[in-house]
Amino acid sequence: CRLLGVGYDGEDATFVQHEATPEITVPVRWVWCQDGRMNRNRKPSDCRAGFQKPEVALEALGGLFLFAQDPTVVGGTGDAWHAMDLPSSVRRVGRGDCACLGLWAGPGLDWCWGGFFLPGYGSASRGE
């Protein structure tokens with residue numbers, strides 16, 4: 001987060017991998033991912049449960065990688081404003097909360113309750 005200028009009030013141990021998402025175990029690989037716009041206004045928990053293999057929910061680190069490659073994946077104006085839910089990263093304490101990446105006063109990594117949707121947010125995903 002620091003390298004990208006992304007605000008974050010948590011620490012390294014704030015998020016853990018959701019048990020439904022397979023871990024990436026190889027140190028370097030290509031990963032297909034999408035920024036969540038196609039899942040706007042849907043609950044992250046519903047998206048996580050509904051992804052069909054090989055698609056899985058994206059985690060916080062993947063969201064940061066996507067933002068590093070293309071900072072326009074979040075932000076915008078009016079109805080085009082977008083933030084990414086990252087349902088594969090859940091809070092260690094409060095597992096119903098998932099990570100989200102957006103552009104508020106500046107880019108920020110935060111968490112929200114994954115059991116409801118927020119207007120303009122959408123669950124990002126990646127290939128297994």
Has [X] got a side-chain atom pairing as donor or acceptor with [Y]'s backbone, closer than 3.5 angstrom?
X: N41; Y: G120; result: yes
X: S89; Y: A60; result: yes
X: Q52; Y: G50; result: yes
X: H82; Y: D35; result: yes

(request) Identify which one of V6, L61, T14 satisfies the side-chain contact (heavy atoms from CB on, under 4.5 Å) criterion when paired with L109. (result)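 Between L109 and the candidates, side-chain contact (heavy atoms from CB on, under 4.5 Å) is satisfied uniquely by V6.
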Of the non-hydrogen atoms in [X] and [Y], which two are nearest, and what is the gap between them?
X: C47; Y: N39; result: SG-CB, 3.8 Å
X: Q34; Y: S123; result: NE2-O, 3.2 Å
X: R40; Y: D79; result: NH2-O, 3.0 Å
X: R48; Y: C98; result: NH2-CB, 4.4 Å
X: P119; Y: W81; result: O-CZ3, 4.3 Å
X: D85; Y: C100; result: OD1-CB, 3.8 Å

I'd like to know if [Y] and [X] are part of one continuous hydrophobic network [Ile/Leu/Val/Met/Phe/Trp/Tyr, side-chain heavy atoms within less than 4.5 Å].
X: L103; Y: V73; value: yes
X: M84; Y: Y8; value: yes
X: V31; Y: L66; value: no

(message) If you apply the rule side chain to side chain contact (heavy atoms under 4.5 Å, CB included), what do you find for F51 with V56, and how did you get there?
(response) CA-CA 6 Å; F51 289 133; V56 296; 5.6 Å; no
(message) V90 vs D97, test: side chain to side chain contact (heavy atoms under 4.5 Å, CB included). Steps then yes/no.
(response) CA-CA 6 Å; V90 295; D97 296 342; over 6 Å; no
(message) Does D70 have more than 12 heavy atoms from other residues, nucleotides or ligands lying within 6.0 Å of its CG?
(response)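 Buried by this count: over 12 neighbours within 6.0 Å.
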(request) Describe, in one word, how the ring planes of F15 and W111 are oriented to each other, choosing from parallel (under 30°), tilted (30 to 60°) and perpendicular (over 60°). (result) perpendicular
(message) With a 4.0 Å cut-off on N to O distance, would you call E55 and R126 a salt bridge?
(response)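 Salt bridge absent between E55 and R126.
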(message) Nearest 0.5 angstrom please: E59 CD to H18 NE2, how far?
(response)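 Answer rounded to 0.5 Å: 12.5 Å.
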(request) To the nearest 0.5 Å, tell me how far L86 CG sits from D110 CG. (result) 11.0 Å
(request) Please report the C-alpha distance between L64 and C1 in whole Å, then the side-chain angles of each, then the deciding distance to 0.1 Å, and finally whether the side chain to side chain contact (heavy atoms under 4.5 Å, CB included) criterion is met. (result) CA-CA 7 Å; L64 290 168; C1 288; 3.9 Å; yes
